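All values derive from a computational prediction rather than experimental measurement. Basis for what follows: all heavy atoms, side chains included, without hydrogens, waters or symmetry-related copies.
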Amino acid sequence: MSRRIGLYPRVRVEGGGNGTVSQAGAVLLVETVRKSGLDTAISTALAPWRKPRAVHDPGKVLLDVAFGVALGGDCLADVGMLRAEPGVFGPVASDPTVSRLIDTLAAAGPKALTAIRSARAEVRSRVWELAGANGPAADGQVTVDIDGVLVLAHSEKQDATATWKKTFGHHPLVAFVDHGQTGTGEPVAAVLRPGNAGSNTASDHIEAARLALAQLPKHLRRGRRTLIRTDSAGGTHAFLNWVSKPGRWLSYSVGMTITDALHQAVLKIPKKAWTPAYDAGGTERPGAWVAEITDIPDLSSWPRGMRLIVRKERPHPGAQLRFTDLDGLRLTCFATNTQGAQLADLELRHRRRARCEDRIRNARDTGLRNLPLHDTAQNRIWLEIVQIALDLLAWMPMLALTGETRRWEPKKLRLRLFSAAAQLVNTGRRRWLRFTARWPWTYVITHAIGRLHALPNPG
């Protein structure tokens, strides 16, 4: 009779092995960089900051840090996981070299930020062209969501202050391009602000919108084909005047605070004017209705063509009602300049802005949970690194994955794809990564690599 020693097999552990690559699935990100041309674009953009006789290219150093963040790192030192695998990631700079580069770029200020952002915008246009029908602007329309995010600071850092939630840290304003229900989203702007920055500061929203538009292909930087969505923080005169300025003509869908004037306008809506609202699937939602109140309140001080649409619904069990709610029903309101569409469709389009919360959650899992550096200028560079990492995590599924796998978020990508180990084999003057057949997602990795290899090389 054998003695039971536990529920799991006992294995001996020792160091000194070779030939096996950890985080081998990250080759998907490496190949995405190659096919998109991001390595060349970043290298060219940062060439002015490369010192004579420098061993490491500044562009590659920055990309290596972004790789580390995409794989789950949250500080500059996490680039060490790439340094351990030169067969896949090439030579990786030391920690002091990485820190010196960040300090150099931070000292350059707006010039360095502009160079990095210009390279990203150039590559984004190419990636969307490569994606074809899978691109976020394949139908000629693009949606940009703007929202704020609180980033806590656990030590004294420049511009870290008390926040409106009575925490301590920073209050960046971020913008994401929505990929719709078949994908995720990619970042196009991040404005670093002190923790006490206002949620509805129009100048900050305008700056975030400017940066976001500069990341889009040129034909989408103005005109009704580009939709700007925000919550009620964007419902200010200054921001809507900027968005709808003649010559810019952007579409918008922004939340509006239920003021007393709007509440009185809702009371005047005839019962027959309410129409059923839609749920996420586009079918009628029981207990929810929408109506338009554009003609009731005085909108003479607001941009021409603005429409006000309100929604009332039965609150979820346990939800707290507000003073501005009506007869036990929760009221919300938003403004848009889109004409000629059904109210329920417009309201559903605006409610899908909630997907931006998912993008923010993913950003927190990809380097935005904290700002690891002390100076504001340094953390602005860190935000650019985080955006590059999020770009790669959005572009790789867009170009290489299909079906449900294209919607996988960073945590799932890391667990199922990037964390896969492989054997590095040199044969026939070529290097091969051999993933084990036992790994459940080996086929997903190899199929994705095949799709990336089939794409044309840049230039």
Residue of the set [options] for which side-chain contact (heavy atoms from CB on, under 4.5 Å) holds with [X]:
X      : options                : value
Leu192 : Leu383, Val151, Leu173 : Leu383
Val149 : Arg364, His171, Glu357 : Arg364
Ser36  : Asp391, Leu452, Val127 : Val127

Would you indicate whether the side-chain heavy atoms of [Y] and [X] approach each other to under 4.5 Å?
X      : Y      : result
Leu368 : Ile360 : no
Leu82  : Leu71  : yes
Pro187 : Ile388 : no
Pro276 : Arg285 : no
Leu371 : Trp382 : yes
Leu424 : Arg431 : yes
Gln158 : Asp375 : yes
Leu417 : Leu28  : yes

Electrostatic pair [X]-[Y], nearest N-O below 4.0 angstrom:
X      : Y      : answer
Arg361 : Asp365 : no
Asp159 : Arg193 : no
Arg351 : Glu347 : yes
Asp178 : Arg355 : yes
Lys412 : Glu409 : no
Arg359 : Glu186 : no

From [atom1] ([X]) to [atom2] ([Y]), nearest 0.5 Å:
X      : Y      : atom1 : atom2 : value
Leu46  : Lys60  : CG    : NZ    : 13.5 Å
Tyr278 : Asp345 : OH    : CG    : 5.0 Å
Glu384 : Gln387 : CD    : CD    : 4.5 Å
Asn134 : Met398 : CG    : CE    : 8.0 Å
Phe89  : Arg83  : CZ    : CZ    : 12.5 Å

Is it the case that the side chain of [X] and the backbone of [Y] share a donor-acceptor pair, with hydrogens and angles ignored and the cut-off at 3.5 Å?
X      : Y      : result
Arg416 : Val444 : no
Asp204 : Glu207 : no
Thr336 : Tyr252 : yes
Thr97  : Ala93  : no
Thr405 : Leu401 : no
Gln215 : Arg117 : yes
Ser118 : Ala115 : no
Asp78  : Asp74  : yes
Thr442 : Trp439 : yes
Arg353 : Asp145 : no

task = Quick one: sort the Phe239 and Trp242 rings into parallel, tilted or perpendicular, breaks at 30° and 60°.
result = parallel
query = Aromatic rings Trp408 and Trp441: how do their planes relate, parallel, tilted or perpendicular, breaks at 30° and 60°?
reply = perpendicular
Under 3.5 Å side-chain donor-acceptor pair for [X] and [Y]:
X      : Y      : answer
Lys157 : Asn379 : no
Thr366 : Arg414 : yes
Thr236 : Asn200 : no
Thr40  : Ser43  : no

key: Verdict with supporting geometry, Arg229 and Thr143, side-chain contact (heavy atoms from CB on, under 4.5 Å)   = CA-CA 7 Å; Arg229 284 192 307 207; Thr143 300; 3.4 Å; yes
request  = Flag this pair as yes if the NZ/CZ of Arg222 is under 6.0 angstrom from the six-membered ring centre of Trp249 and inside a 45 degree cone about the axis; otherwise no.
outcome  = no
task = Determine, step by step, whether Thr338 and Leu346 satisfy the side-chain contact (heavy atoms from CB on, under 4.5 Å) criterion, reporting the C-alpha distance in whole Å, the side-chain angles of both residues, the deciding distance to 0.1 Å, and the verdict.
result = CA-CA 8 Å; Thr338 302; Leu346 293 176; 3.9 Å; yes
message = What verdict does the side-chain contact (heavy atoms from CB on, under 4.5 Å) test give for Phe67 and Val79, after you've listed the backbone C-alpha separation in whole Å, the side-chain angles of each residue and the deciding distance to 0.1 Å?
response = CA-CA 8 Å; Phe67 277 139; Val79 76; over 6 Å; no
If I compare all heavy atoms of [X] with all of [Y], which pair ends up nearest, and what's the gap?
X      : Y      : value
Ala112 : Trp49  : CA-CH2, 3.7 Å
Ile42  : Gly59  : CG2-CA, 3.4 Å
Ala121 : Ala214 : CB-O, 3.6 Å

ask   = In this structure, are over 12 heavy atoms from other groups packed under 6.0 Å from Arg434 atom CZ?
value = no
ask   = Please walk me through it: do Arg126 and Glu129 pass salt bridge (Lys or Arg N to Asp or Glu O under 4.0 Å)?
value = CA-CA 5 Å; Arg126 171 174 168 77; Glu129 290 178 4; over 6 Å; no
task = Take Ser253 and His350, measure what side chain to side chain donor-acceptor pair (under 3.5 Å) needs, and give me the verdict at the end.
result = CA-CA 6 Å; Ser253 181; His350 178 74; 2.8 Å; yes
request  = May I have the step-by-step check of side-chain contact (heavy atoms from CB on, under 4.5 Å) for Val254 and Phe334, ending in yes or no?
outcome  = CA-CA 5 Å; Val254 302; Phe334 70 98; over 6 Å; no
